Amino acid sequence: MTPNGKFGVIGKPLPKVDAVAKVTGRAIYADDMLLPRTLHCRILRSPHPHARILSIDTSAARRIPGVQAVITGADLPIKFGILPVTQDERALEHEKVRYVGDPIAAVAAIDEEIAAAACDAIGVEYEVLDAVMSIDEALVAPKDEPIQDYGGPHNIHKLVALEFGDVESGFTRADHIREDVFFFQGSTHLPMEQHSATATYMDGRITLWSSTQVVHYVHRALSKVLELPMNRIRVIGAAHGGGFGGKTDPFAHEMIVCKLAMMTGRPVKCTLTREEVFYAHRGRHPVLMWVRTGVTRDGLITAMHFRTALDGGAYGSYGVASTFYTGALQTVTYDIPAYRFEGCRVFTNKPPCGPKRGHGTPQPRFALELHLEKIALDLGIDPVDLKQRNFVKAHTRTVNWLRVTSCGLDECTERVMTASGYRNREKRPGHGMGFAISSYLSGAGTAIYWNDMPHSEVQIKVDRGGVTAFCGAMDIGQGSDSVLATIVAEELGLQPADVRLVTADTDTTPIDLGSYSSRVTFMAGNAAIEAGRKMRGMLIEAVAAKMKCDAAAIEVGSGRIGDFSFEEASVLAEGRFGTLTTAGSYTPPKIAGPYKGSGVGPSPAYSYTACVVGLDADARTGLVRVNKIWIAHDVGRAINPLLVEGQVEGSVYMGLGEALMEEQAFRKGLHKWPSMLEYKSPTFLDMPEVETFIVETVDPEGPYGAKEAGQGPLLPVPPAVCSAVYDALGVWIDEVPVTPEKIVEALRRKQKGEPARFGPARFPTIPYPPTIKVEPPPKDLDRAAAASI
Amino acid sequence: MLRLPRFKYLRPKTAREAARMAADLGPRAMFVAGGTDLFPKLKRRQFDIETLIALDFLPRDIRNGSIDCVVGAGVTLAAASRDEHLTQSFAGYAEAAGLVSSPPLRNAGTVGGNLCVDTRCNYYDMTYEWRKAAGFCMKKDGDICLVAPSSPRCWAVSSSDTAPMAIALDCVVSLTGPDGERELPVSALYRDDGIEYMAKQPSEVVTSLKLSAHRDTRTAYAKVRRRGSIDFPIAGAAVAIQLDGDRVVRCRIVLSAVASHPLEATAAEAFLKGKRVEADAIRETADIAAKPAKPLDNADLSHFWRKRMVRIVVEQALLEATTKTPGSKVKLLGQPQE
Amino acid sequence: MKQEVLREVERVVLALDVNGERTELLLPVHKTLLEVLREDMQLTGTKHGCELGECGTCTVLIDGRAELSCLVLPIQVEGRAITTIEGMARGAELHPLQQAFAELGAAQCGYCTPGILLSAKSLLETNARPSRDEIREALAGNLCRCTGYSKILDAVELAAGRMS
């Protein structure tokens, strides 16, 4: 920051630091790497959704000329998983397969076509077991055996039941109570880049280049599975072709290439096919939801009871966290004085679900927003008014102990209301507008595994005028490298282009937990500020000594420190202090509530979004055309508004895809359409104009006040679409995707005098455990802390 | 990376030479023109071939006579969709060509290729590994139809956008076989079978498409697909209508993507003939046209909805052909806006 | 079923004109242009997302027109001018489209970017000032999962304005 209080580079729409590499095709993505003597790996996958493996015969595959190694589960028997509580995956399964696409064997060969042919030559004998393909089937006794050997009863993976405040008396106080059931279909991330990894093994050390969002967690998992100490493994994040949460787990192919490299002494590469990417998945959980809310005559919420059932697929992945997330963030947008949450995740014989943009929260957001719309209609209150009356206030604690700091809900709402003309919209059949809001984390408040270490660390080295910043953070296209460079540049009075970056390399960079839960700007950003200010202090001190003046009088900015250029200043400082290195780190505040499961939901700050969707919907065909989307996002502070807009627009795109067409669907145990032709991702012609408003509330704990932008803006899009369809045609589509056939069916029901909706009829009976009752936080909990900021 | 199987690649200089090669080599050889349909299917191992016979020699010009327009089979769909003569005199054809898949595919895909495009089914247009897991179907490697297991035949869907229009326009294709050339109406080029969907000999090469202009014939093609680009049709209607004032003298209505061949709605054609073009007649015609369409659950969205959409696309195409200036595009909701 | 791998590989010597440079290569005839560019010519700027013609990621220009390199055999394009992303900049100077994409944040993960840039280049060479809808039509074969397309449209408009 310059002395007059204005920022040098923060808030400026500067190009990303890797923009030129990306527009010239010079960025090296994982599949672009080709080390000398590389062997190519293909993986044999299960053709059955559920089966015991009786035998695997690899002899014919080994005889094919060009095949260098064939491995099966016996070669990699140690289990792993992203969460410590669900270490249930093997790189290769040799006992049992749990979904079509479960990896069984892997081949390394001199080229990919030989490796593929060798996979086809591997003989596997199976005992086919009954497959469980739905939530309902998972809740009853399996015909053969449960999918996993933990959890239960039946194929239930996880059950949660929590109550905050006195829900019963809240309902007693209500003038009106409403119940609804919703379904949010699963979808996949569909990054343009297929997962890819290359490993080398030399002198007892493994190096892995991978398309991953989480080099640190891959590092840990490799150490466990390969039985090598972490200091013998180096994981490097290659230029990244898109994640959206889909590259946030350690994956089988990453373990496999390492093992094959260790066996063959040659580099081994594995790039998944597009179809395999659909099987790797870890995408949006399909979630069935039931919600019951009590309100006063004026529409103020008195109590809410929310139930979810998640279709988890065959393995744990992030599922336990996902389950808690389906109940966590309802309270950070609306003031709910008493809240009960019951969640359930089941195993099914499908590719495992996990975190996709918004992780576990777009589904309940969809239900909650539409549910409140319906309540508003019941009461004859404008839905926007009803929602606004219940908005949380800044600097409060929710009933489930989540600490809200800055909150721009009102401003976001006003921005989209004004721009869209929602309140004065023309009411005519076939045309509709819908409104919804949302919130998301700026980083999870707790790490995935228990430890007391910082969540992010940044080191800065200044040497002969050159600045290098080191951080484990992985730029997945969202621009985290640019954010780091911008922050370091701001502190040192430079331009982002002056800062060299070394990121996402476990050998050379200090830890950052990875690009998930919208954590990098907030956490790595704060760490960078700390490291940057320390470096700035050393430079100023050296310059002040030379100028024989008070350090407070030294101005930093425009490439100068006091009377000296940055380069001259750095030489002065190096002469005074020796090697110039500083470090900063960030650990989130310990703000979780005093109950089991409280680790999911807390974040140092929440972003807020409001959205209006304007569309045409045709009653004869059920076809929907979205004409325009207005979206306002409270990002706290836009470190780079260009990147924030990009994140918001991209979130809107993905939310619209989920609202209208994307669907991870299955038929007869198989993924119905594992291709980019049949899995419908919107094209240029399906995307409306988006008008984006950046709202800056300047969060007290965020770097320069910044929060997050990468995930929150997806959330309001699906409910706003459904609300607009109701506005246009008078029917509720209580599930996504909103396909034309569902609209036609809802209209048919309406015409027959049945309820004018399409959606799930009921919520299943689930054996939830006894509810754990949690006292709400005391009113003045954060007052002392707030005063100290 | 999905890769092609190994094959030999032959480059005949003429259609006759190509046809002779195909006749000699039998079913283990296939022709390739633009490759936009063939290569994905080869990568998914939907054909077992040893040899590809390149059709590089196919004419790439559009010759306009006073009545006829002869489009070389090697003309790309992009070129056909933009050709001045086609857009003016055969607007529906140009429109259909311009709605095939996506821009880069239209730059490679050819007029001949789109007439010969393989029938599609979402149990069949899958990778080898997927089909192995699902159980192979009768169209490739198996012996039952997975969409209608009790059926003795294959129900893969004709998915050409231009073939219905070519039939509606009474187009004629020139075929070159090993022993000579012949002309065949496009309406006689197809069979109602998902596997043996073409009536020509496998060794015959489509060398050109002849369109004939009847004065006062107006044409239009309406297509439904989920997205504005890339997708194959899930319902489509090609209409060619000859008017005397506002009275229908002659009318052809051909449906795409609702059967294993382009399906001509003959009852609807007969109904509309002699009638005046007005909203009620068009609506009734569309209702009649939709009756023979029997989409099954083997393409995008439900077959119930696709059946419902047949009526809509016929109506759209008739409206466009009779009320709009030739070449203007009526867009369905969900399709790109003007 | 998969017996073809045991078949003999037919190899051909081809002279390819890529980015104005003529290169002679001995290639298996069944290898696609995408594979040859990336694996035999180290032109890894051309990316791939499906290899089935469904995503547009591997778009290159052939005689100035956008085609998908995953569905083209080198033998089919011998003697024709092939342009990849590596051939877009003039020396170290970015093409105006590349410049605009960089300035406006039109590349996020950047994986679809080479294909989209080439489709846009082809468009601007035939239509110097396209409308926003014409840009949409021309780029409709290229999927992007990051940007929501807005910034890409802005960047093509900006470049078109600067170029004319």
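What you see is a predicted model, and the numbers here were worked out from it, not measured in a lab. Just so it is clear: chains get the letters A, B, ... in the order the sequence lines come, proteins before strands, and each one is counted from 1.
- Both the backbone and the side chain of A:Ser675 come within contact range of chain C, each with at least one heavy atom under 4.5 Å from a heavy atom of that chain.
- Counting heavy atoms from C-beta on, the side chains of C:Gln108 and A:Gln647 come closer than 4.5 Å.
- Between chain A and the options C:Thr84, C:Leu117, C:Thr147, C:Thr113, the largest number of non-hydrogen pairs under 4.5 Å is found for C:Thr147.
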Check the pair C:Arg145, A:Tyr653 against side chain to side chain contact (heavy atoms under 4.5 Å, CB included), reporting the backbone distance first and the verdict last. CA-CA 8 Å; C:Arg145 290 289 285 176; A:Tyr653 168 84; 4.0 Å; yes

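- Contacts of C:His48 with chain A are made by both backbone and side-chain atoms, with heavy-atom separations under 4.5 Å.
- Residues C:Leu143 and A:Met676 have side chains in contact (heavy-atom distance under 4.5 Å, counting atoms from C-beta outward).
- Under a 3.5 Å cut-off, the side chain of C:Gln98 and the backbone N or O of A:Val23 do form a donor-acceptor pair.
- A 4.5 Å side-chain heavy-atom check between A:Thr24 and C:Ile85 finds every atom pair outside the cut-off.
- Of the atoms belonging to A:Glu275, not a single heavy atom falls under 4.5 Å from chain C.
- Heavy atoms of A:Asp31 lying under 4.5 Å from chain C belong to its backbone as well as its side chain.
- Residue contact with chain C, scored on non-hydrogen atoms closer than 4.5 Å, involves the backbone of A:Ile476 exclusively.
- In terms of heavy-atom pairs under 4.5 Å with chain C, the best-connected choice from A:Glu689, A:Gln478, A:Met33, A:His240 is A:Glu689.
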Decide yes or no on side-chain hydrogen bond (donor to acceptor under 3.5 Å, both in side chains) for C:Glu51 and A:Gln194, but give the supporting numbers first. CA-CA 11 Å; C:Glu51 304 98 64; A:Gln194 298 126 319; 2.9 Å; yes

